[in-house]
There are 2 protein chains.
Amino acid sequence: MAASEARERLLRTASELFYREGIHAVGVDRIVNEAGITRATFYRHFPGKEDLVEAYLDEEDAHIRAAFAEAGAQSDEPRRLLELVIEGLADDVALHHTRGCPFINASAEYPDAGSAVRATVARHRSWFRETLEQLLAADGNADPALAAGELVLLRDAAMVGGYLDGWERVRPSFVAAARRAAGIPV
Amino acid sequence: MAASEARERLLRTASELFYREGIHAVGVDRIVNEAGITRATFYRHFPGKEDLVEAYLDEEDAHIRAAFAEAGAQSDEPRRLLELVIEGLADDVALHHTRGCPFINASAEYPDAGSAVRATVARHRSWFRETLEQLLAADGNADPALAAGELVLLRDAAMVGGYLDGWERVRPSFVAAARRAAGIPV
DNA sequence: GAAATGATAGAACGATCTTTCTCTTTTTGC
DNA sequence: GCAAAAAGAGAAAGATCGTTCTATCATTTC
């Protein structure tokens, strides 16, 4: 049951278009044309466009969790892991996510908090917050919940600021604030 | 030269719809129906929908500048002004901007950095950053540019976090981080 | 080899999108 | 009171939206 090649091309193309140009701004025509498939193939793999949006966000979520797992494989020390996470975030904004945060951008287009898309966003954010909190607690942080909250704040800010103001302008403030929030001496 | 009443109703209705539901998600039909005007009136006052979007963002910009001016009228002390700004930001997210930041949300839908909408966003953000920097410099901050950068970060984060996670969850982290960033003892 | 599944091709659906048009009525300024 | 500007109503343009359809071809599976 290897995922079909057409399906993978479809999802990859849609993800890139959604991220780069926005969701409502990209029509099904664009997607199927650039993916080199037909509408029939599209609707055989996904019930509708919104399910494709969910798959796009699920994929982003999986990427980030994989990056965390990879960092976890590099070190067992909580302090070192926190540093890796902060560095990884900075690199990610600088190199890959230069058009903002996929989850934040999608939420701007999906105001209904009960929608499936927003539920996917909420799931991702909960996982991120809880993972940071556990990491901070393992590092002996005095108030892991508060510190995790600050790191979530700063990740959002880095994504937005990197997109709208340019990363080179945001980087110093972000790194300084993030290390302080995590209780890591600068 | 009083702005016509129909135009005001149009802009007010459009602003609310754009903010609450997103820009691409709201059609001209919705706007003119809910504003109680006709398409002809719409296109007499604005060349097109995008100009209405710009007017919406300009209005948001004017509101925030007015709030700053009002704070400036309350005190001449830079330190007190910084506190007022941080408190005002927190209250604004809690009470009015519960659907995120109008500029960030609009930018999610307008990926072209050269577009008129994005230019309006950039103008607003430059003004905000520079105003903060001057305020911090007047307060004797050691590195006003860095601190202003951190406050911009934190405002973005507060807007996004308040929308997606709920303000009560974000507030403590925001206030603590903002006062620290501005060099105000907690 | 037959049957089932997945992909291709392309037309077509109704709905909605932004914009433009004509015509009539109301308000405003001098 | 008259001329000019603004707002009203409503049709209609042409494009694009998401979705569904029929029919054909390729590939796999038992």
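Lettering of chains follows the sequences in order, A, B, ..., and the numbering in each one begins at 1.
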Does B/Arg125 qualify as a cation-pi partner of B/Phe103, given the criterion of NZ or CZ under 6.0 Å from the six-membered ring centre and within 45 degrees of its axis?
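Verdict for B/Phe103: no cation-pi partner in B/Arg125.
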Side chain to side chain contact (heavy atoms under 4.5 Å, CB included), paired with A/Leu151, selected from A/Leu136, A/Leu89, A/Asp156, A/Leu146:
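Output: one option passes, namely A/Leu136.
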May I have the distance from [X] (atom [atom1]) to [N] (atom [atom2]), rounded to whole angstrom?
X	N	atom1	atom2	result
A/Glu5	D/dA26	CD	C1'	14 Å
A/Asn33	C/dA7	CG	P	18 Å
A/Leu52	D/dC17	CG	P	15 Å
B/Arg7	D/dA5	CZ	C1'	16 Å

Residues within residues 38-47 of chain B bordering DNA chain C, heavy-atom distance below 4.0 Å
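Those residues whose heavy atoms fall under 4.0 Å from DNA chain C, taken from residues 38-47 of chain B in numerical order, are B/Arg39, B/Ala40, B/Tyr43.
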Got a sec? Which of residues 11-29 of chain A come in under 4.0 Å of DNA chain C, heavy atoms?
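Listed by number, there are none.
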A/Arg99 and A/Glu21: CA distance, side-chain angles, deciding distance, salt bridge (Lys or Arg N to Asp or Glu O under 4.0 Å) verdict
CA-CA 9 Å; A/Arg99 234 285 288 180; A/Glu21 308 197 12; over 6 Å; no
A/Thr98 side chain reached by A/Tyr163 side chain, heavy atoms, under 4.5 Å
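A side-chain contact is absent here, since even the closest heavy-atom pair is not under 4.5 Å.
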So how far off straight is the helix from C/dG1-D/dC30 to C/dC30-D/dG1, going by the axes through five pairs at either end, to 10°?
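Computed angle between terminal axes is 30°.
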Taking NZ, NE, NH1 and NH2 as the nitrogens, is one of them in B/Arg80 or B/Glu83 under 4.0 Å from a carboxylate oxygen of the other?
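Looking at B/Glu83 together with B/Arg80, the answer is yes, because their closest N to O distance falls below 4.0 Å.
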Any side-chain donor-acceptor pair under 3.5 Å between A/Glu8 and A/His45?
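Checked: A/Glu8/A/His45 side chains show no N/O donor-acceptor pair below 3.5 Å.
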Check: A/Tyr110/A/Arg118 side-chain N/O donor and acceptor closer than 3.5 Å:
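Short answer, no.
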Gap between atom CD of A/Glu150 and atom CG of A/Leu154 - 0.5 Å precision:
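Nearest 0.5 Å value for the CG-CD distance: 7.0 Å.
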For this output row, return yes or no: ring centroids of A/Tyr19 and A/His97 closer than 6.0 angstrom.
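So the answer is yes for these two rings.
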Do the rings of A/Phe42 and A/Phe46 sit parallel, tilted or perpendicular, given the 30° and 60° boundaries?
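Because their plane-to-plane angle lies in the 30° to 60° range, the rings of A/Phe42 and A/Phe46 count as tilted.
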